[in-house]
Number of protein chains: 4
Amino acid sequence: MGKKKGPKYNQIIDAAVKVIANHGYHQAQVSKIAKEAGVADGTIYLYFENKEDILTSLFEEKLGSFVEYIRTQLTSDLSTEKKFLILIRKHLEQLQDDHHLAVVTQLELRQSNTDLRLKINEILKGYLVLVDELLTEGKENGFFQADLDNRLARQMIFGTVDEVVTNWVMKECKYDLVSLAEPVHNMLLGGLRSS
Amino acid sequence: MGKKKGPKYNQIIDAAVKVIANHGYHQAQVSKIAKEAGVADGTIYLYFENKEDILTSLFEEKLGSFVEYIRTQLTSDLSTEKKFLILIRKHLEQLQDDHHLAVVTQLELRQSNTDLRLKINEILKGYLVLVDELLTEGKENGFFQADLDNRLARQMIFGTVDEVVTNWVMKECKYDLVSLAEPVHNMLLGGLRSS
Amino acid sequence: MGKKKGPKYNQIIDAAVKVIANHGYHQAQVSKIAKEAGVADGTIYLYFENKEDILTSLFEEKLGSFVEYIRTQLTSDLSTEKKFLILIRKHLEQLQDDHHLAVVTQLELRQSNTDLRLKINEILKGYLVLVDELLTEGKENGFFQADLDNRLARQMIFGTVDEVVTNWVMKECKYDLVSLAEPVHNMLLGGLRSS
Amino acid sequence: MGKKKGPKYNQIIDAAVKVIANHGYHQAQVSKIAKEAGVADGTIYLYFENKEDILTSLFEEKLGSFVEYIRTQLTSDLSTEKKFLILIRKHLEQLQDDHHLAVVTQLELRQSNTDLRLKINEILKGYLVLVDELLTEGKENGFFQADLDNRLARQMIFGTVDEVVTNWVMKECKYDLVSLAEPVHNMLLGGLRSS
DNA sequence: CATGAATGAGGCTTCATTCAT
DNA sequence: CATGAATGAAGCCTCATTCAT
């Protein structure tokens with residue numbers, strides 16, 4: 001039950017990312033992950049409950065540190081606008097820096113069954129809480145519209161950035177993703193209507 | 001190959017939607033779909049090439065008429081703003097009117113393998129072309145900002161609406177989706193920033 | 001039960017030969033044969049009990065006339081040696097004249113299940129009886145060795161000619177088969193040993 | 001791919017021979033073979049690529065050692081005549097000693113599809129090469145007729161012996177096969193004609 | 001006589017997980 | 001802790017045959 005986080009724990013997770021990115025979700029057999037990690041098939045089960053546990057742990061580890069890192073960048077001296085831009089830029093940056101992870105989170109892991117996806121959503125909450133905090137702060141200091149529906153705003157922000165990343169991955173990461181941070185940021189803030 | 005549309009064709013597609021919605025993508029065996037449709041297993045293959053063909057046909061039929069229907073609603077006498085609102089409202093309306101279909105398109109069908117997803121994307125293009133036309137029209141008549149990047153704007157619109165629907169489905173369709181059309185519409189047009 | 005031999009009876013058998021030769025035994029579905037014959041699937045069952053019946057009838061018809069024809073060529077004024085040569089030459093000739101039939105009898109029909117093969121052997125007896133008669137005649141008039149074991153001799157004759165034809169078919173009928181009649185005839189009569 | 005020969009490898013091949021001989025080629029399901037071998041269905045696939053691979057391996061193993069064994073018996077001190085007799089006798093002996101194998105090679109395996117049959121022919125070449133060598137030797141030392149066509153002679157020898165064995169199997173192995181070695185040998189050498 | 005839409009049984013193969021060493 | 005050989009359940013699809021028209 002209690003995960004033993006020996007050195008092989010991360011070794012296996014990294015192998016899983018690599019295998020899924022290279023071979024696709026449905027071709028990522030436990031034996032293939034074990035081979036990539038340089039351990040025996042059975043060893044996997046000393047560190048993870050089952051295959052699903054590898055995938056949720058993968059998401060937990062990668063997204064956990066992902067959100068943690070963004071938080072360290074949002075120092076309290078920054079304006080809400082600046083924070084909002086950094087949030088988006090770091091989101092794009094981290095995925096651009098790890099194509100493997102991008103493929104896995106945007107395409108492959110979404111092929112998992114509904115149960116796994118529910119757990120992933122649980123993990124995603126950390127990110128959404130961060131967005132929520134930013135929205136509340138901005139509404140209080142007058143940067144965001146005071147009557148925003150937080151839930152809808154969250155869905156617009158996440159939905160937009162996620163769709164932008166997914167399209168980039170589908171186009172095989174052929175263009176620069178990070179340079180879209182500013183236009184996306186502006187579009188989310190200013191909307192589509194001419195002012 | 002060109003096996004076509006007897007009355008059983010739609011019968012089978014509707015059965016597929018129902019079975020996938022109730023049991024999930026990975027539990028939607030051909031035999032289960034056949035039983036639900038009230039035909040023999042083999043009969044499926046008089047109307048469809050294989051299982052994947054059922055699913056792409058499902059998407060084709062449902063989304064095809066979906067986009068067609070929206071187009072009929074966007075009469076040329078309407079303002080761009082009105083058209084944009086109708087686009088969003090009809091999108092939400094049609095999915096709210098068919099919970100089964102909503103579950104299938106937002107959650108279950110995304111679990112399909114990469115090949116099927118590519119075909120689905122092909123079909124989705126019809127919707128995106130519609131959005132594109134609206135954006136171009138609005139930029140020309142001064143409703144939308146003239147310097148909008150169509151691709152990014154499309155991604156914001158689709159990403160947001162899609163995320164709104166997915167959240168609704170994940171909350172088991174417990175609240176009214178259509179009433180979100182106006183706030184979503186306003187948010188997309190005006191953005192998050194206080195003016 | 002009693003086979004109705006309308007014009008479609010032969011039409012179906014000829015279609016079967018063609019389909020099996022072109023597509024192979026395992027790809028010769030009833031529906032394909034029906035289409036080739038220009039009749040509906042169900043019509044097949046007005047003329048034949050089942051699929052196996054098509055195949056045995058095919059063999060019966062083709063081999064029946066095959067043996068009958070050879071018999072007409074073996075007029076009583078001929079020497080045993082001449083008759084023996086004619087037997088072999090006509091055997092080779094008829095198969096060379098109908099490549100489709102050759103492929104079917106030498107390769108494809110041997111893939112049938114054991115039951116069908118037993119029936120085919122039953123039909124083959126007509127040919128073997130003919131060989132037997134020739135052997136007996138030859139032993140009586142001193143042309144063949146008097147102490148020949150008829151059964152073994154029959155197996156040598158049939159086994160050799162059959163193997164020669166099969167090799168020809170396997171080489172895609174690329175060389176002239178009939179010209180082998182004489183050397184095969186000589187080899188069977190004189191044996192391998194230098195005299 | 002290169003999955004190889006644990007003790008279960010032969011266990012499975014022997015089980016396949018037994019199952020095919022007893023139930024026929026078309027009734028030899030993988031699950032039946034696994035059960036007979038005393039292993040799980042999946043275990044089969046640790047040792048063989050697929051079902052076809054079981055059958056070609058079966059033929060390879062059995063016929064491979066078959067030809068090898070005959071070669072060990074053809075010591076260079078023997079006359080060509082003696083070698084020729086031994087070739088035939090050992091051929092008959094080995095099949096008489098393993099009725100199951102005889103049924104499989106003479107009847108059941110010939111029902112396989114064309115691809116498998118091509119592979120089997122590949123394996124058969126080892127036998128035919130042996131015959132060829134013997135023919136060449138005999139022609140050189142004056143035992144066989146100098147102007148023999150090797151190809152035809154090979155076809156007569158193989159065709160005859162094969163037909164003899166097949167007839168024996170079809171008569172359910174009820175008589176002694178090996179005692180036919182000498183008469184067959186004599187008939188092949190001396191031919192049918194009275195001298 | 002003729003049609004052809006509908007039937008439904010049957011088998012090869014994969015791969016997550018276990019457990020004896 | 002680590003191994004990896006063995007397990008065995010589960011599903012898509014084909015095609016000979018039927019029968020209502």
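Convention: sequence-line order gives letters A, B, ...; per-chain numbering from 1.
- Taking atom OH of A:Tyr9 as the reference point, atom P of F:dC1 lies 15 Å away to the nearest angstrom.
- In this structure, B:Ile54 places its CD1 atom 9 Å from P of F:dC12, rounding to the nearest Å.
- Taking all atoms of both residues into account, the shortest heavy-atom contact from C:Val104 to C:Val17 is CG2-O, 3.5 Å.
- Here the C1' atom of nucleotide E:dG4 and the NZ atom of C:Lys35 are 13 Å apart, to the nearest Å.
- Between its opening and closing five pairs, the helix from E:dA2-F:dT21 to E:dT21-F:dA2 changes axis direction by 10°, a value rounded to 10 degrees.
- Closest non-hydrogen pair, B:Gln27 versus B:Lys32, comes out as O-NZ, 2.9 Å.
- Interatomic distance, CD1 of C:Ile13 versus NZ of C:Lys18, reported as 15.5 Å (0.5 Å rounding).
- Put simply, CD on D:Glu52 is 15 Å from C1' on E:dT13, counting in whole angstrom units.
- Between A:His26 and B:His26, the ring planes lie tilted relative to each other; the angle falls in the 30° to 60° range.
- Counting all heavy atoms, side chain and backbone alike, C:Ile33 lies closest to C:Ala15 at O-CB, 3.6 Å.
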- [ ] Could you run through nucleotides 5-12 of chain E and give me one letter per nucleotide, 5' to 3': B if any protein heavy atom sits under 4.0 Å from the base, S if only the sugar-phosphate is that close, - if neither?
- [x] -BBB--SS
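- The distance between atom OH of C:Tyr25 and atom P of F:dA16, rounded to the nearest whole Å, is 9 Å.
- The two residues A:Ile123 and A:Glu60 come nearest to each other via the heavy atoms CD1-N, 3.8 Å.
- Rounded to whole Å, the distance from CZ on B:Phe48 to C1' on F:dC12 is 16 Å.
- What separates CD1 of B:Ile44 from C1' of F:dC12 is a distance of 11 Å, to the nearest Å.
- Looking at A:Asp14 and A:Lys62, a side-chain N of the basic residue comes within less than 4.0 Å of a carboxylate O on the acidic one, giving a salt bridge.
- Between the CG atom of C:Leu55 and the CD atom of C:Glu108 there is a distance of 11.5 Å, given to the nearest 0.5 Å.
- C:Lys51 and C:Gln29 get closest at one heavy-atom pair: NZ-CA, 4.3 Å.
- Protein atom CD1 of C:Ile12 is 12 Å distant from nucleotide atom C1' of E:dC1, rounded to whole Å.
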